[in-house]
Amino acid sequence: MQRVSEIEPYLSDAHRRLRAQARDVARQEIAPLTRRLEEAGTHANTDIPALLAKQGWTGVLIPKEPYGGMGAGHVAKMLLIQELSYCSGAAGAILQASLIPALAVQVLGRPEQRAQWLPQIAAGLWTTIAVTEPGSGSDILGMTSTAYPQSDGSWVLEGDKCFIGNSHIAGLHLVVARTGTPGRRDTDTLSAFLVEADRDGVTLEQAPFVGLHGFSAGTLRLHNVRVPAANLLGEEGQGWMAAYGASMVCGRLNLAAVGLGLHQRLLDDTIAFLTTRPRRGRHLSDHSVVRKRVAEMRSGLMASELAVYHASSLLDRGVPCDPALLNAKLTAKRAAEAAAQNAADLFGGYATRTDHSFARLDRDIRHIAAPAGPDDIQLHHLGIATLGSDRFQWSALFTRPDTPHETTTAP
């Protein structure tokens with residue numbers, strides 16, 4: 001049973017139609033795949049990406065004209081990810097991961113790059129954003145991957161990237177590498193490149209993960225990978241903007257939406273269990289201590305939905321809102337984790353069984369913590385904003401007037 005009254009003020013009729021469509025696809029076509037995904041483990045699933053591409057959802061943020069996208073905006077994007085994640089955390093993760101590099105191409109790409117790649121992405125070309133490295137993690141300026149210019153204008157890339165969402169289904173990788181002096185920790189030393197997955201020197205390694213089975217987030221290795229000058233995204237020195245801006249504006253909200261879907265499913269499964277489980281002549285749900293736990297789960301979900309859809313609405317209106325984006329991820333992640341702990345206590349021994357839905361939901365919730373930064377990263381930047389020392393907001397750059405959303409005409 002979905003409870004979405006908290007977000008109704010943020011929705012148009014087009015949003016509601018899109019939500020209904022996403023809900024039907026998720027429950028009728030994706031939910032039946034859940035058992036197969038669990039059995040497959042960390043091997044990349046290809047059925048779900050094909051299904052999502054068929055719906056055109058990879059182009060949810062891409063303008064209809066001239067690129068063939070949906071132009072539906074961030075609120076619409078949240079609805080899609082939340083509904084998919086309700087049935088499969090992996091499905092929500094698959095969609096959200098490729099929306100981040102797509103936004104970077106949309107905002108930072110030169111006109112000819114947007115014309116070349118955005119129609120392909122809207123039609124179902126899966127992409128990755130390859131920033132994180134084994135030795136630097138969230139320290140983007142500490143990366144060691146390099147790109148060296150050649151006499152013919154091309155570039156040669158070297159380095160390893162890890163935790164790359166959609167690594168094994170993507171046809172295009174957005175790779176951030178150092179083009180400036182090694183050792184310098186200046187933002188203009190990083191540049192972004194569009195690297196086709198079939199280029200010589202590009203190899204992949206799958207990584208084993210606790211949850212999100214069916215979602216690939218492996219290691220991307222680049223050895224003597226040559227790309228033409230046309231594959232430099234935007235201008236040299238804009239890699240920091242691609243890495244951080246797209247993550248701030250798109251990545252944090254995307255992960256929060258995955259958390260919303262998992263949280264809602266966890267709450268619904270818990271309610272179904274409690275209202276049918278007999279205890280001392282009544283049901284577990286009739287006991288006050290149990291109701292208190294359920295109320296805490298519900299309160300956390302309400303707060304998360306309000307935080308997430310408020311931030312999404314601000315983006316769609318072109319309002320700079322970096323603090324709201326930080327808070328959305330922080331709130332949704334913390335609430336989902338707290339709900340998982342409450343559910344574990346309420347399910348009792350059933351929470352330890354691998355054939356129970358809790359095991360999958362609990363494992364999937366853990367995966368929204370690290371990407372786009374753990375709590376300490378969100379708090380660090382939120383603290384800077386709160387003390388008034390921030391002078392720039394990424395959301396001001398990544399909601400440009402020439403990339404409008406069209407929520408009134410979404411399907």
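These values consider heavy atoms only, across backbone and side chains, with no hydrogens, waters or symmetry-generated copies. Numbering starts at 1 and runs along the sequence shown.
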Donor-acceptor check, side chain of [X] to backbone of [Y], threshold 3.5 angstrom: yes or no?
X    : Y    : result
D186 : D188 : no
T275 : I271 : yes
N342 : M297 : no
Q96  : G251 : no
R178 : T189 : no
T331 : A328 : no
K329 : D375 : no

**OP:** Start with the C-alpha distance between V225 and V175, add both sets of side-chain angles, then the distance that settles side chain to side chain contact (heavy atoms under 4.5 Å, CB included), and finish with yes or no.
**Re:** CA-CA 11 Å; V225 177; V175 179; over 6 Å; no

**OP:** Evaluate the side-chain proximity of L99 to N254: yes if any heavy-atom separation is below 4.5 Å, no if none is.
**Re:** yes

Between the side chains of [X] and [Y], does any donor sit under 3.5 Å from an acceptor?
X    : Y    : value
Q113 : N231 : no
R252 : Q378 : yes
R226 : S154 : yes
Y10  : D316 : no
E83  : Q21  : no
Q82  : Y309 : yes
T144 : E133 : yes
H173 : T128 : yes

Just wondering, are more than 12 heavy atoms of other shown residues or ligands nearer than 6.0 Å to [atom1] in [X]?
X    : atom1 : value
H310 : NE2   : no
H223 : NE2   : no
R353 : CZ    : no

Original post:
Can the ring centroids of F358 and Y350 be said to lie less than 6.0 angstrom from one another?
Top reply: no

Original post:
Would a line drawn from the ring center of Y244 to the ring center of H381 be shorter than 6.0 Å?
Top reply: yes

Subject >> Worked check of ring pair (Phe, Tyr, Trp, His ring centres under 6.0 Å) between F398 and H74 >> reply: CA-CA 12 Å; F398 277 72; H74 290 273; 9.7 Å; no

Original post:
Applying the side chain to side chain contact (heavy atoms under 4.5 Å, CB included) test to I7, which of L306, L79, V75 qualifies?
Top reply: L79

